[in-house]
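Just so it is clear: chains get the letters A, B, ... in the order the sequence lines come, proteins before strands, and each one is counted from 1.
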2 protein chains.
Amino acid sequence: MADNKLQNDCKKKLMAIHDAMYVLSGKWKISIIASLCYHDKRRFSEILNDVSGISNKMLSKELKELEMNKLVKRTVLDTQPVTVEYQLTPYGKSLQTIIDSLTDWGTEHRKVIIGK
Amino acid sequence: MADNKLQNDCKKKLMAIHDAMYVLSGKWKISIIASLCYHDKRRFSEILNDVSGISNKMLSKELKELEMNKLVKRTVLDTQPVTVEYQLTPYGKSLQTIIDSLTDWGTEHRKVIIGK
DNA sequence: CTGGATCCGGATTGATACTG
DNA sequence: CAGTATCAATCCGGATCCAG
């Protein structure tokens with residue numbers, strides 16, 4: 001019985017991971033969200049600089065997907081030339097914990113790599 | 001000055017994210033790690049079941065990469081027929097925090113989706 | 001039978017050029 | 001500046017094949 005309950009917990013957790021990975025799927029999504037996590041408002045070209053290695057095509061595509069999933073809000077400013085601002089929605093901000101733990105791990109991980 | 005410091009912090013954090021994403025890159029890696037996080041020892045075919053949607057080809061490939069990055073340990077058991085066990089290394093276990101926060105978020109996220 | 005490699009077609013991505 | 005368009009490279013899924 002207890003075994004069964006434990007197994008069910010595992011399954012539920014793995015399903016939760018699956019759900020989370022669904023919206024976060026895509027090579028760059030987490031990095032994009034991190035950029036917006038640490039900058040509040042960010043323009044297209046700024047994110048392009050933040051996320052090292054990404055191409056404008058992929059940035060455009062993944063931002064669009066994040067917008068569809070209501071994690072990111074896109075605002076066109078009426079300037080000349082046009083500027084566009086991206087920011088996390090409140091819902092998107094709920095990912096902050098994940099980003100923080102990734103940042104912490106990455107910082108440690110870097111030490112390990114460099115230590116070699 | 002203070003502005004400069006803040007900017008540097010952001011850059012460092014984004015670099016940390018970049019480093020973390022490097023080892024976690026690949027469509028399935030996080031789900032695989034989650035499976036091993038919640039099961040301690042797990043066989044190839046069991047992980048195949050845990051990670052819904054993955055093909056044996058990709059599982060094989062990504063496990064190999066995780067092994068190369070020292071996150072996962074592979075053990076061949078001398079049984080008939082051969083069975084292979086995978087488990088997280090202590091280093092791999094340091095990802096637990098990340099997996100947990102993803103699980104928590106995924107659980108909430110699921111509620112939001114179903115609520116619609 | 002289990003763990004995994006191989007081959008192929010279709011989908012995703014990268015590099016670069018181009019547009020409003 | 002903020003994206004599209006295009007073509008090449010690469011990655012991925014499915015089926016199949018193979019060794020122990």
For [X] and [N], give me the distance from atom [atom1] to atom [atom2], rounded to whole Å.
{"X": "A/Leu63", "N": "D/dT4", "atom1": "CG", "atom2": "P", "result": "11 Å"}
{"X": "B/Glu85", "N": "C/dT2", "atom1": "CD", "atom2": "C1'", "result": "14 Å"}
{"X": "B/Glu46", "N": "C/dG3", "atom1": "CD", "atom2": "P", "result": "8 Å"}
{"X": "A/Leu59", "N": "D/dT4", "atom1": "CG", "atom2": "P", "result": "11 Å"}
{"X": "A/Asn49", "N": "D/dG3", "atom1": "CG", "atom2": "P", "result": "15 Å"}
{"X": "A/Leu77", "N": "D/dG3", "atom1": "CG", "atom2": "P", "result": "11 Å"}
{"X": "B/Leu66", "N": "C/dG4", "atom1": "CG", "atom2": "P", "result": "13 Å"}
{"X": "A/Lys64", "N": "C/dT13", "atom1": "NZ", "atom2": "P", "result": "14 Å"}

(message) With side chain to side chain contact (heavy atoms under 4.5 Å, CB included) as the test, pick out the partner of B/Leu71 among B/Ile32, B/Leu63, B/Leu95.
(response) B/Leu95
Nearest-neighbour nucleotide for the [X] side chain, [options] considered:
{"X": "A/Asn56", "options": "C/dG3, D/dC12, C/dA17", "answer": "C/dA17"}
{"X": "A/Ser45", "options": "D/dA5, C/dG3, D/dC1", "answer": "D/dC1"}
{"X": "A/Phe44", "options": "D/dT4, D/dA2, C/dG14", "answer": "D/dA2"}
{"X": "A/Lys27", "options": "C/dG14, C/dT2, D/dC12", "answer": "C/dG14"}
{"X": "A/Tyr86", "options": "D/dG3, C/dA5, C/dG14", "answer": "D/dG3"}
{"X": "B/Pro81", "options": "C/dC1, D/dA2, C/dG14", "answer": "C/dC1"}
{"X": "A/Val84", "options": "D/dA2, C/dA5, D/dT4", "answer": "D/dA2"}
{"X": "A/Arg43", "options": "C/dA15, D/dA2, D/dG3", "answer": "D/dA2"}
{"X": "B/Ser60", "options": "D/dC1, D/dG3, C/dA5", "answer": "C/dA5"}
{"X": "A/Met58", "options": "C/dT13, D/dT4, D/dG3", "answer": "C/dT13"}

Phosphate OP1/OP2 of [N] contacted by [X] side-chain N/O (<4.0 Å):
{"X": "A/Arg74", "N": "D/dG3", "answer": "yes"}
{"X": "B/Lys61", "N": "D/dC11", "answer": "no"}
{"X": "A/Trp28", "N": "C/dG14", "answer": "yes"}

(request) Please tell me if the side chains of A/Val82 and A/Leu77 come closer than 4.5 Å, counting only heavy atoms from C-beta onward. (result) no
(message) Below 30° counts as parallel, above 60° as perpendicular, anything between as tilted: where do the rings of B/Tyr86 and B/Phe44 land?
(response) tilted
(message) Rounded to the nearest 0.5 Å, what separates atom NE2 in A/His18 from atom CZ in B/Arg110?
(response)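 It comes to 9.5 Å.
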(request) Scan residues 81-105 of chain B for pairs that pass salt bridge (Lys or Arg N to Asp or Glu O under 4.0 Å), counting only residues two or more places apart or in two chains. (result)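 Applying salt bridge (Lys or Arg N to Asp or Glu O under 4.0 Å) to every pair that reaches into residues 81-105 of chain B, excluding sequence neighbours, yields nothing.
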(message) Can you confirm whether the side chains of B/Trp105 and A/Ser94 place a donor and an acceptor under 3.5 Å from each other?
(response) yes
